[in-house]
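Every chain is numbered from 1 and lettered A, B, ... according to where its sequence line falls, protein lines coming before strand lines.
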Amino acid sequence: MRYSKLLAPTLRDTPADAEVVSHQLLLRAGFIRRVTSGVYDYLPMGLRVLRNIEHVVRQEMNRAGAQELLLPMVQPSELWKKSGRWDKYGPELLRFHDRHQHESCLGPTHEEVICDLMSRELRSYKQLPMNLYQIQNKFRDEIRPRFGLMRGREFVMKDAYSFHANESCLAEEYDNMYQTYQRIFTRLNLKFRAVEADNGSIGGSASHEFHVLADSGEDLIAHCSACDYAANVEKAISKAPAYSYDDSTLQTVSTPRTSAVEDVASLLNAPLSQLLKTLIFTITGGDLDGQHIAACVRGSDQVQDIKLIRALGADEIHLASSETLQQLQSSIGFSGPVALACPVYIESSLQGAFGLIAGSNQQDEHLSAVNLQRDVPNAIYIDLRQTQEGDVCTHCAANIAMSRGIEVGHIFALGTAYAKPMEVMFQDEQGKRAVATMGCYGIGVSRLMAAIVEQCHDDSGITWPVHLAPFQVSVITLGKSETALAASQQIYEGLLDLDIQALWDDRKERPGVKFKDAELMGIPLRIVVGDRGLESDTLELKTRLGGAAEASLAAVCQTAQTMLQEMVQEIPSSNT
RNA sequence: CGGGGCGUAGCGCAGCCUGGUAGCGCAUCUGGUUUGGGACCAGAGGGUCGGGUGUUCGAAUCACCCCGCCCCGACCA
């Protein structure tokens with residue numbers, strides 16, 4: 001490609017509304033442009049990288065035995081009503097009517113469509129297992145799109161769905177996909193970690209997320225500093241530090257206008273861990289829909305609401321309104337579990353705890369020396385607290401550390417959660433009709449592009465790994481002498497003959513401009529063609545990361561090829 | 001949806017407080033001088049000042065409403 005014809009509008013200044021590096025650099029390097037909130041154009045350079053990422057994903061999926069297909073983005077509401085998600089999915093699902101007033105939606109994911117297909121095409125157990133995937137645009141009307149490609153509303157996703165005759169076969173494929181994801185992210189040159197995850201509303205049994213480790217990540221991951229244990233905080237389990245306080249008689253203490261745990265603690269000169277924090281929630285969905293419950297953890301801990309939602313079998317929980325609190329005869333900021341008129345769930349590590357300070361449900365008063373067993377006899381003990389840095393690993397007793405992560409992949413063992421309502425049936429070995437068992441496996445392809453930039457950049461711009469770069473080589477012509485132009489063209493064509501993706505910067509720009517652009521865009525290798533080098537027949541080759549070499553005009557393409565091969569070898573192979 | 005911030009040329013910004021008919025840097029176009037790290041000189045093009053309503057002789061500027069964008073919280077690849 002000749003740069004003079006390339007649509008790659010690089011920016012000298014960082015757009016003011018871009019917060020994270022990947023967003024800033026992808027905009028500045030002319031890879032993407034925003035169309036509307038969470039929706040982007042992929043310009044030629046951006047698309048080339050996206051295709052390179054897709055190539056790795058495809059290769060590994062195919063190698064794992066999955067087959068590619070393409071499903072529609074527009075989906076009829078009937079399928080979603082059949083699965084039960086038309087009502088469950090919420091406003092993230094973009095719904096609309098066509099000219100015949102037919103109700104449809106844009107696909108945020110494709111369980112319904114693939115199940116519909118399979119319900120018609122799957123006949124015999126002999127066809128199973130089968131893993132089908134696609135790489136396609138998804139649309140989710142996110143509450144808050146942000147950080148460029150990191151959280152868009154329209155984004156590119158690889159989604160795979162596997163079908164099985166039984167659970168053990170699903171377990172095998174789940175493991176196969178787990179290994180495949182390890183290979184994919186390794187080949188993409190990422191620092192990542194597989195973590196145990198909450199299954200979310202999708203349901204099913206096992207679930208793992210793959211996180212790229214980056215400070216800009218939106219997720220919190222708890223991982224053991226010694227063993228392999230790693231989990232999303234939504235699900236992470238760890239041993240909380242143990243505390244012990246004096247047991248004595250329950251007493252009321254005056255705490256005028258002091259409701260925040262920190263303030264109560266300092267007023268009573270007590271550690272945060274001695275306080276009992278009580279949150280009252282109203283439940284939406286499930287058997288307890290509309291009811292209220294209280295959740296208690298230590299003042300030094302946080303309630304992990306996903307854990308609570310799962311324990312309650314709810315869809316959502318919200319902090320109760322002040323009217324609700326009045327109904328329950330409690331008081332905002334002074335809620336406590338003692339004699340509270342609703343079910344009380346207490347963090348399990350607090351079982352048998354005493355000497356605690358809790359709200360009294362009376363304005364401006366707390367209770368001291370609460371003994372949970374004595375004073376809250378009907379409490380239900382469940383895992384509620386959010387894992388914190390410094391907790392103890394339940395697997396090996398080492399310390400738990402916390403990191404930020406960008407979720408780039410998620411695999412689920414779904415079981416029959418979709419296949420059953422969608423009637424994905426087959427005839428088993430005994431000739432009986434059976435429901436297929438499913439798994440689903442997602443990778444955020446466009447998000448990966450951002451995640452890779454988060455890990456591959458320096459002060460000058462992006463530093464793509466060779467196999468992902470939009471072009472492997474930039475041929476930079478300096479000056480406008482006929483010899484330099486002719487030599488550049490010769491090199492450019494020589495590189496193309498060697499099947500090397502080359503960008504020939506034939507613009508009438510000063511050298512500095514060309515160097516800066518090539519660095520910003522992250523092209524791994526550059527060849528400088530100027531009169532100076534041509535006179536002595538020594539052309540300069542420089543890698544984006546600081547390597548350098550020289551070669552004669554006759555040998556420069558060959559040298560470039562060798563250097564590129566060496567750079568590829570620095571990238572981990574897929575055999576991990 | 002709640003909290004905070006912002007909207008003036010492609011990008012980055014000033015002007016707004018104290019109304020008088022829009023400006024700077026970069027980018028773009030023309031000509032010239034330059035040419036191994038984001039050049040210089042001269043000239044030029046480009047703006048319904050996010051939209052609407054109101055106040056006023058007069059609104060980018062003041063008031064009200066709406067729209068859009070960004071950041072922090074609840075969702076997820």
Side-chain angles (χ1 to χ4, degrees), chain A residues 9-20 23-24 27-28 30 33-39 57 89-93 108-110 135-160 181 197-202 207 209-212 217-219 232 234 281 284 305-306 309 315-319 405-412 440-451 460-461 476-481 484 507-520 526 528-534 539-540 542:
Chain A
T10 56
L11 301 172
R12 203 175 283 210
D13 297 313
T14 303
D17 51 9
E19 181 85 357
V20 298
H23 190 197
Q24 293 175 347
L27 282 170
R28 278 192 60 207
R33 285 293 183 263
R34 193 185 68 85
V35 178
T36 182
S37 180
V39 178
V57 173
Y89 211 93
E92 229 176 88
L93 183 65
T109 173
H110 283 66
I135 296 179
Q136 187 223 28
N137 281 24
K138 296 283 182 278
F139 191 92
R140 295 183 187 172
D141 199 356
E142 292 281 347
I143 303 164
R144 186 148 91 83
R146 62 184 135 178
F147 301 153
L149 296 187
M150 208 80 96
R151 175 174 302 281
R153 293 151 81 211
E154 183 172 336
F155 58 99
V156 181
M157 178 169 164
K158 187 284 301 178
D159 48 324
Y181 276 35
D198 179 65
N199 315 6
S201 43
I202 293 183
S207 173
E209 290 168 348
F210 291 79
H211 284 265
V212 167
E218 296 183 88
D219 289 276
N232 194 306
E234 292 175 351
F281 292 101
T284 313
D305 41 354
I306 297 287
I309 287 173
D315 290 339
E316 291 172 20
I317 52 171
H318 297 281
L319 280 174
I406 303 165
E407 185 188 351
V408 290
H410 200 158
I411 60 178
F412 297 90
C440 76
Y441 319 92
I443 288 181
V445 177
S446 46
R447 178 182 283 180
L448 268 172
M449 185 155 133
S460 307
I476 295 186
T477 306
L478 296 189
K480 53 183 177 190
S481 76
R507 295 175 300 168
K508 292 174 179 45
E509 290 288 351
R510 294 167 60 85
V513 175
K514 297 186 177 186
F515 294 147
K516 289 286 185 195
D517 278 337
E519 281 157 13
L520 180 59
R526 81 173 189 219
V528 178
V529 188
D531 290 332
R532 190 211 280 172
L534 287 170
L539 297 177
E540 172 199 290
K542 263 197 174 166

When you check the phosphate oxygens OP1 and OP2 of [N], does a side-chain N or O of [X] lie under 4.0 Å from one of them?
{"X": "A/Arg146", "N": "B/rC71", "value": "no"}
{"X": "A/Ser37", "N": "B/rC70", "value": "yes"}
{"X": "A/Ser446", "N": "B/rA77", "value": "no"}

Counting any heavy atom closer than 4.0 Å, what does [X] reach on the DNA or RNA strands: base, sugar-phosphate only, or nothing?
{"X": "A/Gly30", "value": "nothing"}
{"X": "A/Leu93", "value": "nothing"}
{"X": "A/Phe147", "value": "sugar-phosphate"}

### Query
Ignoring hydrogens and angles, does a donor from either the side chain of A/Arg144 or the base of B/rC71 sit under 3.5 Å from an acceptor on the other?
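Side chain to base: no pair present.
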
### Task
Decide yes or no, distance alone: a donor-acceptor N/O pair under 3.5 angstrom between the base of B/rC71 and the side-chain of A/Asp17.
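By the distance-only test, no, there is no pair.
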
### Query
Of all residues at least two apart in sequence or in a different chain, which pass the salt bridge (charged side-chain N to carboxylate O under 4.0 Å, His left out) check with A/Glu407?
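Here no residue qualifies.
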
### Query
By salt bridge (charged side-chain N to carboxylate O under 4.0 Å, His left out), which residues pair with A/Glu234, not counting sequence neighbours?
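Partners of A/Glu234 by the salt bridge (charged side-chain N to carboxylate O under 4.0 Å, His left out) criterion come out as none, since no residue qualifies.
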
Could you list all N or O pairs between the protein and nucleotides 49-52 of chain B that sit under 3.5 Å apart?
none

Please report the distance separating the [atom1] of [N] from the corresponding atom of [M], rounded so that it comes out in whole Å.
{"N": "B/rU55", "M": "B/rA63", "atom1": "C1'", "answer": "7 Å"}
{"N": "B/rU21", "M": "B/rU61", "atom1": "C1'", "answer": "12 Å"}
{"N": "B/rG50", "M": "B/rA59", "atom1": "P", "answer": "15 Å"}
{"N": "B/rC11", "M": "B/rG46", "atom1": "C1'", "answer": "14 Å"}
{"N": "B/rC16", "M": "B/rA74", "atom1": "C1'", "answer": "37 Å"}
{"N": "B/rG3", "M": "B/rC66", "atom1": "P", "answer": "14 Å"}

#### Entry: Nearest non-hydrogen partners of A/Asp198 and A/Phe412, listed with the distance
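For A/Asp198 versus A/Phe412, the nearest heavy atoms are O-CE2, 4.5 Å.
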
### Summary
The contact string for nucleotides 37-48 of chain B, one letter per nucleotide 5' to 3', using protein heavy atoms under 4.0 Å with B, S and - for base, sugar-phosphate only and none, comes out as BBB---------

### Task
Only counting residues at least two apart or in another chain, list the ones meeting ring-ring contact (aromatic ring centres under 6.0 Å, His included) with A/Phe281.
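Partners of A/Phe281 under the ring-ring contact (aromatic ring centres under 6.0 Å, His included) test: none.
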
### Task
For A/Tyr89, enumerate each residue passing the ring-ring contact (aromatic ring centres under 6.0 Å, His included) test, keeping only those at least two apart in sequence or located in another chain.
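A/Tyr89 satisfies ring-ring contact (aromatic ring centres under 6.0 Å, His included) with A/Trp80 once adjacent residues are dropped.
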
#### Entry: A/Arg526 to A/Phe515, cation-pi by 6.0 Å centre distance and 45° axis angle
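Yes, A/Arg526 lies over the aromatic ring of A/Phe515.
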
Please determine, for the side chain of [X], which listed nucleotide ([options]) has the closest atom?
{"X": "A/Arg532", "options": "B/rA77, B/rC70, B/rG36", "result": "B/rG36"}
{"X": "A/Leu478", "options": "B/rC71, B/rC75, B/rG36", "result": "B/rG36"}
{"X": "A/Arg140", "options": "B/rU35, B/rC11, B/rC76", "result": "B/rC76"}
{"X": "A/Val528", "options": "B/rG36, B/rC76, B/rC72", "result": "B/rG36"}

### Task
Specify the residue among A/Glu19 and A/Asp305 whose closest nucleotide of RNA chain B lies further upstream toward the 5′ end.
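Closest to the 5' end, via its nearest nucleotide, is A/Glu19.
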
### Query
Between A/Ala16 and A/Thr36, which is nearer to the 5' end of RNA chain B once each is assigned its nearest nucleotide?
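Nearest nucleotide further toward 5': that of A/Ala16.
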
### Message
With a 3.5 Å distance limit and no angle check, can you tell me whether A/Lys514 reaches the backbone of A/Thr477 through a side-chain donor-acceptor pair?
### Response
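Such a contact is found between A/Lys514 side chain and A/Thr477 backbone.
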
Can you name the residues that form a side-chain hydrogen bond (donor to acceptor under 3.5 Å, both in side chains) with [X], not counting sequence neighbours?
{"X": "A/Glu218", "value": "A/Arg146, A/Arg151"}
{"X": "A/Gln24", "value": "none"}
{"X": "A/Asp13", "value": "none"}

